[in-house]
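The figures that follow rest on heavy atoms only: side chains count, while hydrogens, waters and symmetry mates do not. As the structure is a prediction and not an experimental result, all values here were calculated from the model. Reminder, nothing fancy here: chain letters follow the sequence lines and each chain counts from 1.
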Amino acid sequence: MRRSVANRLTPYMFLAPAAVIMAIALLYPLGYMIWGSFRDWNPSQTIGEAEFVGLKNYVTLWNDPNFHESLGVTLKFAFFVVSFEMVIGVGLALLLDRDIRGMSVLRTLFILPMMIAPVVVGLMWRYMYHPTVGTFNRFLEDIGLPSVDWLGQHALMSIIIADIWQWTPFIFILSLAALQSLPSSALEAARIDGATGWQQIVHIKLPLMMPVLIVTALLRLIDAFKVLEVILVMTQGGPGLSTEILALRISRTATEFRELGVAAAMSNYLLMLLLLLTVAMFAFNRLQEIRAARTRAAAEEGV
Amino acid sequence: MAQSNTRQNPAFYAVISVLVIMAIGPVLLMFVNSFKLDVDIISGSSGLVFLPTIQNYEKALCDVLWYQPDHVDFCSLKFGGAFINSLIIALISTILTLVIGCMAAYALVRFRFMGRDTVSMSTLMVRMVPPAVLLVPVFGLWNNEFCLDKDGLIGGAIREMVGGRGDVCLAGTHSGIILIYVAMNLPFVIWILQSFIVQVPRSLEEAARVDGAGPFQVFFKVVLPLIKPGLAAAAIFTFRIAWNEYLLASALSDRDTKTVPILIVNNMSEFNVEWGVIMATGMLLAIPPIIFTLFASRQIITGMTAGAVKG
């Protein structure tokens, strides 16, 4: 009798620590933030002392040109980063999907950039972009070209390049794994029917990889909104606001301007944006799956 | 195999070498520069002709060296202490996350009282939350709410022992940073481990149960040894995040609990960057992840694909 009660309680006992920690340190803070976003709150006050101001923080942000600029930079950054990385990563996977001796060594070297701390990545690139001692400008000087003001005029492009360097391997590894798990029968059939390499890629490999590619792009997109340290170290959001992505702006609003309420409201905007993206991608993924299932069924019927 | 090797043309290998150089070039550059004097870095005698020196490392580690290097007058960079803080925080949070995440994943797989879809959904949702979003509430909570009141029993006792401003708060302690790291990493770890636990044959567990093992014994003696690869992957990912994270640590730490990333960022924001020393600290911070990558790349790739493809 007692044993059966214990058995019934077991799963809850196994789950309890995780549930408690996530409730205390993840869900409660998120609720706290939403609550705080309706208040005029600075770091020296507790949330109870802060004055309730309703939607004021949200309205202020909505009309704040700096916030718009920051949002624009964030969206631009995320868009360019994800599209370049997808194209390059998938391209490389298609190119390198063959028996190469030492492929595992190659993969090991490729994942190195994403294991290294973002702070260190920012540090390395800040050095390479340095106007006078940096690697790139020195190289340009050596071959007789004018030097480029990497972190000045072209700051956004420079941080995008750094992010592409760090995260393309992620896409590459995942799409390579997807490629290598494709059913060989479909590819063989295409080869027998005389499909060229290009046709195989466009009509067979890419459509079959699509579900994985979408999830990969989604994960990368979500992570692109989290990038902060690399940019903080490289440009500190400058010059002006040209590289101040939202995550950076939130942290500056909270720590430099000491307006926790506004920072919380901004966090909420960012969360809503991410939620929207996630849901949209989920819906798209489902749709794609349904369509894929239908084509497969149609193809089988045709055979 | 041999046939396919002969078929590749030289251009293909050229492409691969360019890719490899692009991937590890910046890291190598940092490695080389960390052994150069600032004069050499700035003067631009680019190339490999320089006298390697460990002065930068001596300067960075001056607070833990057993001897006093001649060129260091004043030990401004307390790298050694920060390194130890980083190590404590990363190791403890990794262990806690693994133990707790393992148990939760096991419960979710074996007892089926909640849909796996719910978990995968919520994992993705939590993964979506950027650390910057957690900054505001964590800063507020850790400083104000998660405190032991000075009038309370435990808080009073701690204050008697350590002193301080009255309340004893989570902010500024190792445990405060560890708590948020554990919470941040848990969903991902649970998700990865689930996909490994599913593969453990049920019959093994039942055999152990027949032999009279309780649920906890089954878990620790049968299931855990079988999912070691999954544990390794999860451990590396958790460690990496805890080791590399800057933002939340900078909000929660005080002078004595600074981690290495904070130290590096603080030194980078000065106008005149001492490139040699900063590269040495960066290299020291990068060494543990590099070692993991070189020795456990298979586990990392498994973890990455398990986390994404099935997510």
Side-chain angles (χ1 to χ4, degrees), chain A residues 10-11 14-15 17-18 21-22 25-26 29-30 32-33 36 46-47 98-99 101 106-113 115-120 123-124 127-128 133 135 138 169 173-174 177-178 212 215-216 219 222 225-226 228-229 232-233 236 247 250-251 254 260 263-264 267 270-271 274 278, chain B residues 1 4-5 20 23-24 26-27 29-30 41-42 44 46 100-101 103-104 106-107 111 113 126-128 130-141 144 179-180 182-183 186 215 240 244 246-247 261 264-265 268 275 278 282 285-286 289-290 292-294 297 300-301 304-305 308-309 311:
Chain A
T10 313
F14 273 86
L15 264 184
I21 286 198
M22 281 171 63
L26 221 50
L30 284 179
Y32 191 81
M33 178 191 72
T46 62
I47 199 167
R98 34 185 119 182
D99 290 330
R101 229 182 296 159
L106 217 59
R107 271 196 296 207
T108 307
L109 294 180
F110 282 164
I111 54 177
L112 210 55
M115 298 302 286
I116 293 178
V119 169
V120 178
L123 159 74
M124 294 186 305
Y127 169 72
M128 293 197 290
V133 302
T135 316
R138 249 189 213 155
I173 301 262
L174 291 187
V212 177
V215 175
T216 312
L219 289 178
I222 290 173
F225 285 94
K226 291 187 190 171
L228 178 129
E229 285 107 329
L232 178 73
V233 171
Q236 282 158 332
I250 291 171
S251 99
L260 291 185
S267 309
L270 181 58
L271 268 188
L274 285 173
T278 316
Chain B
M1 188 71 197
S4 65
N5 267 330
V20 169
I24 60 170
V27 186
L29 195 69
M30 182 172 71
I41 298 177
I42 290 167
S46 60
I100 296 170
M103 285 162 55
Y106 180 65
F111 300 101
F113 56 95
V126 174
R127 223 195 124 137
M128 187 192 85
V133 166
L134 288 174
L135 179 72
V136 175
V138 162
F139 181 79
L141 282 173
N144 295 319
L179 175 65
I180 185 69
V182 172
L186 262 180
R240 183 190 72 123
N244 292 345
Y246 160 76
L247 187 66
I264 293 181
V265 171
M268 288 295 285
W275 284 109
I278 212 85
L285 182 68
I290 291 178
F292 280 138
T293 318
L294 295 185
S297 61
I300 294 173
I301 290 168
M304 240 162 44
T305 35
V309 176

Shortest non-hydrogen contact between Ala132(B) and Ser267(A), atoms and distance: O-OG, 4.4 Å
Heavy-atom closest pair, residues Val136(B) and Ala263(A): CG2-CB, 3.5 Å
Heavy-atom pair count under 4.5 Å with chain B, highest-scoring of Met115(A), Met33(A), Met22(A): Met115(A)
Residue selection (most heavy-atom pairs with chain B, distance under 4.5 Å) from Ile250(A), Val233(A), Ile173(A), Thr108(A): Thr108(A)
Structural part of Leu270(A) lying under 4.5 Å from a heavy atom of chain B: side chain
Which atom of Glu229(A) lies closest to which atom of Asn244(B), heavy atoms considered: OE2-O, 4.2 Å
Partner set under side chain to side chain donor-acceptor pair (under 3.5 Å) for Tyr246(B), not counting sequence neighbours: none
Top contributor to chain B interface from Leu260(A), Leu109(A), Leu228(A), Leu123(A) [non-hydrogen pairs under 4.5 Å]: Leu123(A)
Under 4.5 Å from a heavy atom of chain A, the part of Leu179(B) involved: both
Proximity breakdown for Leu135(B) and chain A, heavy-atom pairs closer than 4.5 Å: side chain
Leu134(B)/Leu26(A) under side-chain contact (heavy atoms from CB on, under 4.5 Å): CA gap, chis, key distance, verdict: CA-CA 8 Å; Leu134(B) 288 174; Leu26(A) 221 50; 4.0 Å; yes
Atom group of Ile300(B) that falls short of 4.5 Å from chain A, counting heavy atoms: side chain
Which portion of Pro17(A) sits near chain B, non-hydrogen atoms under 4.5 angstrom: both
Contact origin within Phe139(B) toward chain A - heavy atom pairs under 4.5 Å: side chain
Residues forming a ring pair (Phe, Tyr, Trp, His ring centres under 6.0 Å) with Phe110(A), sequence neighbours excluded: Phe172(A)
Under 4.5 Å from any heavy atom of chain A - which part of Leu29(B): side chain
Interface moiety of Ala254(A) toward chain B, non-hydrogen atoms closer than 4.5 Å: side chain
